[in-house]
Structure formats: structure tokens, C-alpha cells
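Reckoned from all heavy atoms, side chains included, excluding hydrogens, waters and symmetry mates.
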2 protein chains.
Amino acid sequence: MRSKNETSGQKRSFIEKARRAQIITAAVDTIAEVGYPNASLARIADTAGISKGVISYHFAGKDELMDQVVTDIYTEIGESVLPRIMEQQNAADMLRAHVRGVAGYALTHPGRMATLTQIFTHARKADGTPRYGAAETEALYEPLENLYRAGQDSGEFRDFDVRVMAVTQQAALDAMFSYCSLHPDHDLMAYAHELSELLVRAIRADPPSPAPM
Amino acid sequence: MRSKNETSGQKRSFIEKARRAQIITAAVDTIAEVGYPNASLARIADTAGISKGVISYHFAGKDELMDQVVTDIYTEIGESVLPRIMEQQNAADMLRAHVRGVAGYALTHPGRMATLTQIFTHARKADGTPRYGAAETEALYEPLENLYRAGQDSGEFRDFDVRVMAVTQQAALDAMFSYCSLHPDHDLMAYAHELSELLVRAIRADPPSPAPM
DNA sequence: TCATTTTTTGACCGCATGGCCAGAATCTAG
DNA sequence: CTAGATTCTGGCCATGCGGTCAAAAAATGA
């Protein structure tokens, strides 16, 4: 047996970290390919080319595996998108950078975003309630709302309900990925450009200066 | 046995229609309460107070049951919302009427909308692919796109990608229901008002007249 | 009333899942 | 080389699913 793998987990052996990474990768690939409901432990193990029991050995259960997948992808997205946002000079450009940055990440890492959506919408606790619920989405809304408020304070954005807008923007992004993965012919970056314009116009301050001429 | 229940089904006996309606109601209630993944035939039958076999007797299978649920709710929404849209005089008000009308329906029939979302996101065919995919969502986008184009032709709306906007509006509506069912304290109609304003501003034509004063 | 049909029941089937574990294989020190 | 710890395998388990079925029950009609 082993005494590790507790939530208070600490140093793992080298080979153990490698195995966990391998399994996580296999999980991402499998979910992206066949969807969460069909991504059984057996199928994930098959993708990884290992026996099913190995997953149970290195992870406390399917839930811990999924937690790791989510954490890994989130971290990666943050590292990819945050710098792009921070180099902008105003709130509207930051919003555009967010939309296009996330879209760019999705293009660079096809499947990652889809896997995230799959896990969020399908993973359930033992009692049947969604495993990633209010608390997790709250973490998504807060940075957006801070961005909105900054724009409101600077006068770039009008007065609007930041929560409604945050929910809407997040939903619009999710829909963008769903739609583009269902219709691969539709150019994702073109979609992202169009969407970022929609979002900025929805909340920008009414133009103070009259139309030209 | 019985020779009915074929897709080319025709007249059903009175009692049969009643039973089917009862089962459909139980299915809606069960899905709304415990979510699609936990709404097994056994649980639906339990809600209806009947034996599981009765469902198999009156429906070809779980799929046909779900089709009926979807059809019923869609029909009801259309009958409730369409008149409200048609009595508007311009495209922007029609868009607002759509958002608020659907929200109003959701308030009048709590659970129906959630059930629809549950079925769409979780129902799968035998091969694991989503049961309600591109074809079904297309039916949602088309009326919206027609509304957008009408507004563009009349000059109310600016030039934008109607497909991106349709996907966004539908996603925003779905998110509104999800969010408000997760946070019952948030007033749905207030949300709908805010959202309709966001959407109109995203696509309205740039104001031709200068700011007052 | 009684024969026939329609409807309901509850047990049962095959299947897939997540998890478990005894034993085999592999690696690591001494 | 050998003993012990680590890792892996493949089969097993209980559970729950959708669906089926023979038999019981209820409704129907002559």
C-alpha cells in the first residue's frame, strides 16, 4: 500500500509524477475525443496504454483525476491569456484581449477547452448534483467583474449590472467553442473578433462626441 | 401486443393519451428535480406512481419519451412567446420581447426550461454523440437571424454577423436560466431587462444624432 | 356472465460503470 | 544475489441502467 495520495499530498516520486501526467494527458485526449460520459476509466487507461488499475493506484478516484485535469488546464489558460490582457492600456482592449486570448489558446490547444466544458457540464457528485457548481463559476466571474468596474470608473463603460454581463460573457465564450467545434468550417478567430465587438458595444459608454460631419 | 406506437402513429385511445401525458409530466418533474443523468426510467415511473414497465408499454423507449417532452415544451414556449414578439413595432422591441417573453415563460413554468436544457446537454445517442445537435440548434438560430436581418434592413441595427449574434443570444438566455436557478435570490425579470439592454446595444446602429446639448 | 383485449406488474436480462484486490512483475538497496 | 518496497495486471464485485417478458389484473363487449 501507500500512505501518500492524501489531500495533504506532498512530494511525489519522480516516476509517480510522470505517471500522473501521462494519465492526465490520456484523460484529456479521451474526453475531447469521445465526450465525458463515454470517457470511462477503462477507456482512459486504454488511451494511455496501461491497465485500469493503475489509475486507481495513482489517483484516489475518478473525481481526483478530473480535479487535476481541470486545475492543469485552468493554470495553462491563465498563463497564456493573462499576459495578453495585462499589456493592454484600457478596459475595452482588455476585454477584447480576453476574448481573443482565450480563443487563441483554444486554437493552440484543440481539445483542452472542450474537455473543460465537458467536465463542467457532466461531472456529478455521488448525490447527482453537479460537481463544479456555483463556487467554481464564481471564480470565473470575479475577474471579469473587476475588469468591468475598472472600465466604469474610468468612464469607458456605462453603468450596467456587472454580474449579468459576466455571466453573459462567459456563456458567450463557451458557446463560441461549442459552435466552432461543431462547425469546424467557421473561423474561430473571426468569430472571436466579432464577439469581442458585440461585447464591447454592449457596455461601452454612450459616445459623448457627435457623429462626424 | 399492440400495433400502434409506430412513428407513423395516429389516433390513440383516450386513456392512452392520458397515460402518456401523465408520464411526460412525471418525466419533466423528475428531470427538473434530480437532473437528466439521475432521471432513470425507474425514477420517472416512481414519480408517476406507476411501474417501470408502463413507460416501455406506452413509449418506444426513453428516446421517444424525451422527444415528446422536448416537443411539448417547445410548443408551449412558442405559443407563449410568439404573440408577444409579433405585437411589437420594431426589431429592437421584438428582441427585447423575445428575451423577456422567454424569461416570463420560465417564471410561469418553473422547471420546464431547466428540463429542456438538461435534455439538450445530456441526452446522447447510442454511439455517445449528443442526441440533439446541430440540426436542432439550427432551428433556434434561424428565427433570431431573421429578426436581426429585418432590423438591419430597416436601419435599426448595424452590420454584424447574425450567426455569431444568434449563438451568443441563445447562450446568454441559457446562462440566464442556469444562473437564476442556481441563485434563486436573483430576480429573473430584472436580469432579463438588463440582458435585453445588453443585447440591443451590442447590435444597434450607431446613433446618428449627436449627444444632447 | 364470461371470453377477449388492453393494461399493469415485478422479476429478470445483458451490459457498462467505478472501484477493489490478490498476485505477478519490476525496481531498489544492501 | 537477495529481500523488500513499489508498481502493475487482469479479473472480480456491487450497482444501476434501459429494456423485455410471462403472468396477473382490469377493462371491455356480447
Think [X] has a side-chain N or O under 4.0 angstrom from the OP1 or OP2 of [N]?
{"X": "His58(A)", "N": "dC8(D)", "result": "yes"}
{"X": "Arg43(B)", "N": "dG16(D)", "result": "no"}
{"X": "Tyr57(B)", "N": "dT8(C)", "result": "no"}
{"X": "Ser56(B)", "N": "dG19(D)", "result": "no"}

Review point. More than 12 heavy atoms of other residues, nucleotides or ligands under 6.0 Å from CZ of Arg84(B): is that the case?
Key: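 Open.
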d([atom1], [X]; [atom2], [N]) in whole Å:
{"X": "Asp63(A)", "N": "dG19(C)", "atom1": "CG", "atom2": "C1'", "answer": "12 Å"}
{"X": "Met66(A)", "N": "dG18(C)", "atom1": "CE", "atom2": "C1'", "answer": "12 Å"}
{"X": "Arg124(A)", "N": "dG18(C)", "atom1": "CZ", "atom2": "C1'", "answer": "17 Å"}
{"X": "Ile44(B)", "N": "dG18(D)", "atom1": "CD1", "atom2": "P", "answer": "8 Å"}
{"X": "Lys52(B)", "N": "dG19(D)", "atom1": "NZ", "atom2": "C1'", "answer": "7 Å"}
{"X": "Ile55(B)", "N": "dG10(C)", "atom1": "CD1", "atom2": "C1'", "answer": "14 Å"}
{"X": "Leu65(B)", "N": "dG18(D)", "atom1": "CG", "atom2": "C1'", "answer": "12 Å"}
{"X": "Phe59(B)", "N": "dT8(C)", "atom1": "CZ", "atom2": "C1'", "answer": "15 Å"}

Taking the side chain as every heavy atom from C-beta outward, state whether [X] and [Y] have any pair of such atoms under 4.5 Å apart.
{"X": "Val28(A)", "Y": "Asp72(A)", "result": "no"}
{"X": "Phe177(B)", "Y": "Thr117(B)", "result": "no"}
{"X": "Leu140(B)", "Y": "Tyr74(B)", "result": "yes"}

Check your understanding: Without hydrogens or angle criteria, can the side chains of Arg163(B) and Tyr179(A) be said to hold a donor-acceptor pair below 3.5 Å?
Key ->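 Checked: Arg163(B)/Tyr179(A) side chains pair up, N/O donor to acceptor below 3.5 Å.
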**Study point:** Nearest-nucleotide comparison on DNA chain C, the residue closer to the 5′ end among Gly53(A) and Gly49(B)
**Key:**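 Closer to the 5' end of DNA chain C: Gly49(B).
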Check your understanding: Of the candidate nucleotides dG19(D), dT8(C), dT17(C), which contains the atom at the shortest distance from the side chain of Leu41(B)?
Key ->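 Within the option list, the nearest is dG19(D).
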Point to revise | Residue whose closest nucleotide on DNA chain D lies nearer the 5' end, Lys62(B) versus Ser51(A) | key: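 Per heavy-atom nearest nucleotide, the more 5' residue is Ser51(A).
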